[in-house]
Every structure is written in C-alpha cells, then in structure tokens.
Number of protein chains: 2
Amino acid sequence: MSRPGYARIRDAVLARIRAREWPPGALIPAEAALAAEYGVARATVNRALRELARSGLLDRRRRAGTRVALNPVRKATLSIPVTRLEVESRGMAYRHRLLERTRRPAPAPLLAAMQLKRGQELLHLKTLHLADARPYLFEDRWVNIAAVPGILQAPLERISANEWLVQNVPMSAGEISFQATGAGQEAAEALDTAPGTALFTIDRTTWAGTAAVTRVRLLYAPGYRMETRI
Amino acid sequence: MSRPGYARIRDAVLARIRAREWPPGALIPAEAALAAEYGVARATVNRALRELARSGLLDRRRRAGTRVALNPVRKATLSIPVTRLEVESRGMAYRHRLLERTRRPAPAPLLAAMQLKRGQELLHLKTLHLADARPYLFEDRWVNIAAVPGILQAPLERISANEWLVQNVPMSAGEISFQATGAGQEAAEALDTAPGTALFTIDRTTWAGTAAVTRVRLLYAPGYRMETRI
DNA sequence: CAGTGGTCTAGACCACTCG
DNA sequence: GAGTGGTCTAGACCACTGA
C-alpha cells in the first residue's frame with residue numbers, strides 16, 4: 001500500500017504542475033527548498049525530479065534551476081519482446097518456419113547500410129512466424145557472419161534467429177524504425193493476404209562496434225497493433 | 001570527458017555480461033560485493049544495476065538477488081513531439097488546416113472507449129497538418145468538453161488541438177497504439193493519395209482521472225517513418 | 001530467519017552557468 | 001562569485017522471500 005517517498009514527492013510535484021501552480025516555463029523551487037517543505041532528504045527530491053525530467057516534463061540545468069517544460073515531449077516506451085514470447089503471452093501457440101537460409105556475399109545496397117567490406121559474407125534468412133498455425137510475422141533478415149560466427153551452428157529450425165540473437169548478443173545498440181508498407185508479392189503469399197495490403201513494418205539494424213550484426217525487416221500480418229501506455 | 005561513477009559501473013557490468021562471464025540466467029554478485037570490488041558506495045552500484053534492470057537486461061528480486069535476464073526485452077523509447085515541432089525539426093515549414101469543428105453528443109462507439117455518460121458533449125475536430133504545404137498528417141480527434149472546457153475558447157485555427165492539449169493537460173496518462181491501415185476515402189483525399197494506400201496510424205486515448213480527455217486517430221502520409229535508437 | 005535489494009538520510013564535493 | 005543540480009558516501013532501516 002505505502003509507496004516509496006520519492007514516488008510521493010514525484011506525484012505531488014506532478015499534481016502541482018497539473019494544477020498550474022507552476023505553469024509551463026515556470027521555475028520550480030530548488031531541490032533543497034522542496035526537501036525542506038516535504039521533510040525529506042535532498043536525494044529523495046532529486047530522484048523524484050530526475051524521473052520527471054527523464055519523462056520529459058521538466059527541464060533541469062545546473063545553476064539555471066528546474067523549469068516546467070514548455071513543450072513536453074511524450075515518451076512512449078515500447079517493449080519489443082522475442083516474437084515467440086509475444087505470441088505466447090497472447091495465449092496462442094507459437095511455431096516458426098525457416099523458409100530460406102542462404103550464405104552469400106553482401107549485396108551492394110547492404111554494404112553501406114551495414115558498414116561492411118566488399119565481399120563480406122552474410123547469412124540471409126527468411127522466416128515465417130505463426131500464431132495458432134496462422135501467419136503472424138514474415139521476417140527477412142541478414143546476419144553478419146564475421147560478427148557472430150556462432151550463427152552458422154545455431155539450430156535455426158528449432159530456435160528462431162530472432163531469439164538466438166537476443167540471447168547471444170544481448171543489449172547491443174541499434175536503430176529501429178516503424179512504418180506502414182503495402183505487401184509485396186512474396187510477403188503477401190507468406191502472410192496469406194492480398195498484395196498491397198497495409199502491413200505494419202519494423203526495420204532494425206543492430207550494431208556491435210563498427211560493423212552491423214544483423215539487419216532485419218519485419219512484416220506483421222494485417223491487423224497487428226503495437227500497444228503501450230504513456 | 002569523465003563519466004559519472006554509476007555509468008562506469010553500469011558499463012563494466014554490461015561488458016561482463018556481453019563477455020558471458022555471467023551468462024543469461026546467472027546470478028551476479030550482490031550489490032555489496034560489487035561495491036567492494038569497484039571501491040564505491042553501495043548506492044552507486046544500486047543506481048547502475050537499477051538502470052540495467054529498467055532497460056530489461058537484469059531481473060532483480062529481493063532476497064533472490066540479481067540475475068541476467070534470460071529473455072532480455074528490448075525497450076525502445078519513442079519521443080512523440082508535438083507535430084509542429086516534429087515538422088520544423090525536419091527543416092520544413094509547418095501549417096495546419098482545421099477541416100471540421102463540431103460540437104455533438106458522444107456517439108455510441110465512443111461511450112465505452114472513453115468511459116463517458118450518455119449524451120455527454122464532445123468536440124469533434126478534423127485537422128490536416130502540412131509540411132512545406134504538402135499533406136503530412138490527417139488527424140481525427142474527439143475532445144471531452146467537460147474534462148477540458150477551455151478547449152471551446154482555444155484558437156484552434158492558430159494553434160492545433162494537438163499542441164493546445166499538450167500545453168494545457170500535460171503528462172496525463174493514456175494508451176497509445178500503432179498499426180498500419182489502408183487509407184479510407186476521406187483520408188485518401190485529405191492526404192492526396194489513393195484509397196487503400198498503406199498509412200502509418202496512431203490511436204491515442206488520454207485520461208484525466210476516470211474519464212477520457214481526448215481520443216485521436218493520426219493518419220500519416222505515405223512514406224512516414226517513426227525512428228528511434230535502442 | 002537471514003540475506004537480498006529498496007529506500008532514505010545527512011553531509012559533502014563538484015561542475016556548470018547565470019548574473 | 002554564487003547558487004543550482006549531479007553525484008557520491010557511509011550508514012541505516014525496511015520489505016520481501018528463499019532456504
């Protein structure tokens with residue numbers, strides 16, 4: 001029932017901002033003043049304000065103090081789980097089918113995108129993920145063999161490349177983008193839909209140092225929604 | 001140049017996980033042990049591990065200790081700025097056009113979705129956002145007048161409802177979902193594209209207490225990408 | 001019940017930057 | 001120069017939970 005003290009301070013400050021006691025752009029009291037007011041240590045106030053600043057509601061600068069953000073940027077945190085767990089958490093049975101597994105030199109368009117040397121070998125994988133035996137996600141992936149040689153021994157019929165990489169190259173940095181695309185011929189067939197159907201699409205490139213580990217395009221079956229709370 | 005101590009500890013732990021000194025599922029040393037090893041206070045280690053846990057790489061439980069996550073969940077943080085600033089930050093000129101502004105009782109489908117009483121009045125707004133005079137985003141929004149009566153006086157031709165609400169109802173809680181939809185007749189016309197074109201779509205409901213403040217559907221022009229780093 | 005993480009405190013020094 | 005937030009410390013108590 002009882003919440004931590006920093007949460008109490010955080011919510012109290014949030015309430016005062018919502019009540020416009022401190023309107024957008026206003027300077028709020030210094031940490032020391034708030035600590036005295038609420039009868040807590042300055043570190044507790046610091047943690048509360050740090051969380052509000054991270055969520056975009058406050059702008060903090062040394063010496064300049066803490067201001068209510070003029071244009072609060074909403075930050076949504078998306079959890080991107082392994083596809084198998086995502087499917088299973090929706091109460092459906094997961095399977096996947098490895099449609100293609102080819103070892104080949106990097107094609108020209110990927111050289112720049114993945115910062116590869118000419119002729120560097122990649123593993124090209126096409127995987128269909130199924131939920132309750134129905135198409136859920138079509139995955140087109142390139143893996144840099146030099147960066148993760150272990151991928152060649154991975155039993156990709158049993159564990160998807162998605163899952164294998166997450167477990168073997170954890171928390172690497174990368175870029176991710178979301179968009180809507182019309183289904184091409186191949187994706188339409190794999191996902192059992194008509195060409196041109198709107199598909200939710202994720203492109204992701206994952207890096208280890210200066211060369212990319214993997215680049216993948218995920219095409220979700222029609223009706224897929226990615227949800228979160230803000 | 002010099003990074004904070006907690007960042008040093010955090011990166012050191014991350015490196016040891018990547019090096020598989022602590023493989024997925026392994027128990028890592030207790031905070032006190034790491035504090036002694038690195039010669040810092042326990043609070044510093046706590047902050048480092050807390051950040052890694054929040055990013056999904058560690059599972060922490062009292063008494064049970066800290067384990068390397070078996071299935072690290074990638075968390076992507078999306079910044080969702082006000083549309084005007086998003087457009088301007090891409091170096092384009094922003095304008096918006098209010099296409100419709102109607103005050104009417106809540107239609108049936110919204111009663112449940114927004115937790116409204118029968119007959120409650122909403123403001124229905126349709127807005128086209130333009131970047132360099134080209135369609136950028138078509139917005140279909142419902143605003144709960146009872147929750148934000150000020151919206152009736154807002155100069156929505158000058159400041160978009162999007163921006164007005166962010167500045168006047170900051171940091172409210174809400175749900176947000178992303179999907180791909182095919183353009184309907186109205187959206188296709190507004191966005192100057194063909195019906196059926198794949199559109200990146202955001203649905204958002206924002207709450208203040210038990211009743212919704214606003215519910216909006218955003219349809220982005222073809223080619224829109226939402227990007228972030230993970 | 002004992003060991004872990006969760007939180008808090010009082011105090012300190014430092015980095016930054018506004019006036 | 002001075003006031004702010006950023007960080008760190010040493011110590012403490014507590015809540016939770018596995019053995």
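Atom set for the values below is all heavy atoms of this structure, side chains included, hydrogens, waters and symmetry mates excluded. Per chain, numbering begins at 1; letters A, B, ... match sequence-line order. Source: prediction; values computed, not measured.
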Check this for me: does the side-chain of B/Arg47 come within 3.5 Å of the base of D/dG6 through a donor and an acceptor? no
Send over the distance from [X] [atom1] to [N] [atom2], rounded to a whole Å.
{"X": "B/Arg50", "N": "C/dG5", "atom1": "CZ", "atom2": "C1'", "value": "11 Å"}
{"X": "B/Arg8", "N": "D/dT7", "atom1": "CZ", "atom2": "C1'", "value": "13 Å"}
{"X": "A/Asp59", "N": "C/dT17", "atom1": "CG", "atom2": "P", "value": "14 Å"}
{"X": "B/Leu58", "N": "C/dT4", "atom1": "CG", "atom2": "C1'", "value": "15 Å"}
{"X": "A/Arg3", "N": "C/dG6", "atom1": "CZ", "atom2": "P", "value": "18 Å"}
{"X": "B/Asn46", "N": "D/dG11", "atom1": "CG", "atom2": "C1'", "value": "14 Å"}
{"X": "B/Arg63", "N": "C/dA2", "atom1": "CZ", "atom2": "P", "value": "10 Å"}
{"X": "B/Arg62", "N": "D/dA19", "atom1": "CZ", "atom2": "P", "value": "18 Å"}

Working note: A/Thr127 + A/Arg141, criterion side chain to side chain donor-acceptor pair (under 3.5 Å); need CA distance, chi angles, decisive distance, verdict. CA-CA 8 Å; A/Thr127 308; A/Arg141 182 185 293 274; over 6 Å; no
Does A/Arg60 make a side-chain N or O approach to OP1 or OP2 of D/dG6 shorter than 4.0 Å? yes
For a quick test of reading the model: is some side-chain N or O of B/Thr66 closer than 4.0 Å to OP1 or OP2 of C/dG5? yes
Residue among A/Leu218, A/Val166, A/Ile176 satisfying side-chain contact (heavy atoms from CB on, under 4.5 Å) with A/Ile80: A/Ile176
On DNA chain C, does the nearest nucleotide to A/Tyr6 precede the nearest nucleotide to A/Arg42 from the 5' side, or the other way round? Give the residue. A/Tyr6
When A/Ala7 and B/Gly65 are each assigned the nearest nucleotide of DNA chain C, the 5'-most assignment goes to B/Gly65
Check: A/Arg67 side chain, A/Gly25 main-chain N or O, donor-acceptor pair, under 3.5 Å: yes
Taking any heavy-atom pair under 4.0 Å as a contact, classify B/Ala30: base, sugar-phosphate, or nothing. sugar-phosphate
Checking all strands, does B/Arg61 fall into the base, sugar-phosphate, or nothing category for heavy-atom contacts under 4.0 angstrom? sugar-phosphate
Carboxylate-amine/guanidinium contact A/Arg225 B/Glu175, below 4.0 Å: no
Electrostatic pair A/Glu31:A/Arg50 at N-O distance under 4.0 angstrom: no
